[in-house]
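This one's a predicted model, so the numbers in the text were calculated from it and none came from an experiment. Read the numbers this way: they start at 1 and go in the same order the structure lists the ligands and their atoms. We number each residue from 1, following the sequence as shown. Hydrogens, waters and symmetry mates play no part in the numbers below; they use all other heavy atoms, side chains included.
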Amino acid sequence: MTTYHELDPVEAKIAARDVSVFYGDQQALDRVSIDIGTEYVTAFIGPSGCGKSTLLRTFNRMNDTIANARVEGEVRLDGVDIYRSDLDVVQLRARVGMVFQKPNPFPKSIYENVAYGPRIHGLAVNRTELDAIVERSLRRAGLWDEVKDRLSDSGTALSGGQQQRLCIARAIAVDPEVILMDEPCSALDPIATARIEELIGELKGRYAIVIVTHSMQQAARVSQRTAFFHLGRMVEYGKTSDIFTNPREERTKDYITGRYG
Ligand SMILES: Nc1ncnc2c1ncn2[C@@H]1O[C@H](COP(=O)(O)OP(=O)(O)OP(=O)(O)O)[C@@H](O)[C@H]1O
């Protein structure tokens, strides 16, 4: 059975159709179809192992980096099949950036962490332009005021929450259209988490944002669309308020009322 739920008519930034993912013989995702719009933050929720991160990784071909992973179906970005053999994956990952569970700044200066991407993608013609991109990205990530006087310090010397905002600045610096966040707050304390959630609110609308989270409270706070997954299937997808207050499916209801997960 294909679970495909029409959204309100929105322009799909990412359109996934009948996406299945296998790790060797094991099927992790079963024919998932979903539209991701830029207007919303979309949350993926569901019990551990249901395939949330696997689906997220199909959106910028991070599955390519996993030796035994195989993707079936179709993922389109602005209508273009991202699994086309002639597609530039480096370019794709600049357009569809990713922020991971554990902050992973490069062991380089704060400045270099942000400047690296724009430099390799040729987004700045001189140092002045590069400086401007670094400043703008750090400002958008809500980190500029905290680091502007120590841009040459190592990115790894920052607090966990600051490191995660640095990783968001790094993603933003290459001018992405989509930002994928895989449990971005799971290694952070409540104050750093609140700061990231606030930031997600500020970035909403400028970028299509998809967040995988184990926290239903977080999904309810930051997202306008929620998809609930169970055993590799997308069970339900809709407005976050509907999913949490009036789910259509019994399995969604069971999950959000804490019956399993
Ligand atoms: N690199 C991998 N190699 C083999 N199997 C994998 C790999 N990554 C994930 N899987 C399997 O695929 C299934 C889905 O995993 P995935 O990480 O996508 O789920 P998830 O919903 O994000 O889980 P969690 O909430 O625990 O992070 C699981 O059964 C998992 O064991």
Side-chain angles (χ1 to χ4, degrees), residues 1-5 14 16-34 36 41-75 82-83 89 93 96-104 160 164 167 171 178-188 193 196-197 200 208-223 225-238 240 243-244 247 249-261:
M1 186 192 69
T2 300
T3 46
Y4 170 46
H5 304 281
I14 292 181
R17 292 293 176 273
D18 285 326
V19 172
S20 296
V21 178
F22 301 82
Y23 296 106
D25 292 338
Q26 194 209 346
Q27 185 164 8
L29 266 192
D30 189 8
R31 286 163 293 167
V32 172
S33 296
I34 189 168
I36 304 289
V41 175
T42 304
F44 288 176
I45 63 166
S48 196
C50 66
K52 307 179 292 292
S53 302
T54 295
L55 179 62
L56 200 70
R57 287 195 295 262
T58 67
F59 293 167
N60 67 350
R61 289 185 50 175
M62 284 301 280
N63 289 306
D64 288 10
T65 63
I66 302 172
N68 64 346
R70 182 165 58 85
V71 178
E72 285 180 1
E74 201 175 77
V75 179
I82 66 164
Y83 284 86
V89 178
R93 292 189 189 137
V96 184
M98 197 156 196
V99 176
F100 298 88
Q101 195 163 347
K102 204 168 160 293
N104 61 347
Q164 199 59 306
C167 293
V178 183
I179 303 178
L180 308 174
M181 299 186 170
D182 196 350
E183 297 182 49
C185 302
S186 64
L188 306 183
T193 296
I196 299 281
E197 289 184 2
I200 291 170
I209 297 176
V210 188
I211 177 170
V212 168
T213 177
H214 269 127
S215 161
M216 285 184 271
Q217 290 79 5
Q218 180 166 78
R221 282 193 298 264
V222 304
S223 76
R225 292 287 181 275
T226 294
F228 168 64
F229 297 86
H230 188 228
L231 297 174
R233 293 241 169 118
M234 190 174 79
V235 174
E236 189 163 349
Y237 180 39
T240 297
I243 296 283
F244 285 106
E249 303 285 335
E250 211 49 45
R251 278 179 293 170
T252 316
K253 203 177 297 173
D254 287 349
Y255 183 69
I256 62 163
T257 55
R259 226 165 289 170
Y260 59 77

Given [options], identify the one with the heavy atom nearest to [atom].
atom	options	answer
atom 6 (C) of ligand 1	F44, F229, Y23	Y23
atom 1 (N) of ligand 1	L55, V21, I66	I66
atom 13 (C) of ligand 1	S53, S48, G49	G49

Should V212 be counted as touching ligand 1, given the test is an N or O pair under 3.5 Å?
no
Should K52 be counted as touching ligand 1, given the test is an N or O pair under 3.5 Å?
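K52 vs ligand 1: N/O contact under 3.5 Å present.
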Which ligand 1 atoms, with their elements, are less than 4.0 angstrom from a heavy-atom of [X]?
X	value
Q26	29 (O)
H214	24 (P), 25 (O)
R57	8 (N)

Does the side chain of [Y] come within less than 4.5 Å of [X]'s, by heavy atoms?
X	Y	value
T54	F229	no
Y255	V235	no
Y83	V19	no

Under 4.0 Å from atom 30 (C) of ligand 1, is there at least one protein heavy atom?
no
Which protein non-hydrogen atom lies closest to [atom], naming both residue and atom, and how far is it?
atom	result
atom 15 (O) of ligand 1	T54 OG1, 3.8 Å
atom 19 (O) of ligand 1	G51 N, 3.2 Å
atom 27 (O) of ligand 1	E183 OE2, 3.4 Å

Which heavy-atom pair separates L56 from L180 by the least distance, and what is that distance?
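In terms of heavy atoms, the two residues are closest at O-CD1, 3.4 Å.
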Could you pull out the closest heavy-atom pair between Y237 and A227, with the gap in Å?
CD1-CB, 3.7 Å
Measuring from M234:CE to R31:CZ, what's the distance to the nearest 0.5 Å?
13.0 Å
Measure the CD1-SG distance between I179 and C167 for me, rounded to the nearest 0.5 Å.
12.0 Å
From T58, D64, N63, T65, residue fulfilling side chain to side chain donor-acceptor pair (under 3.5 Å) relative to R61:
D64
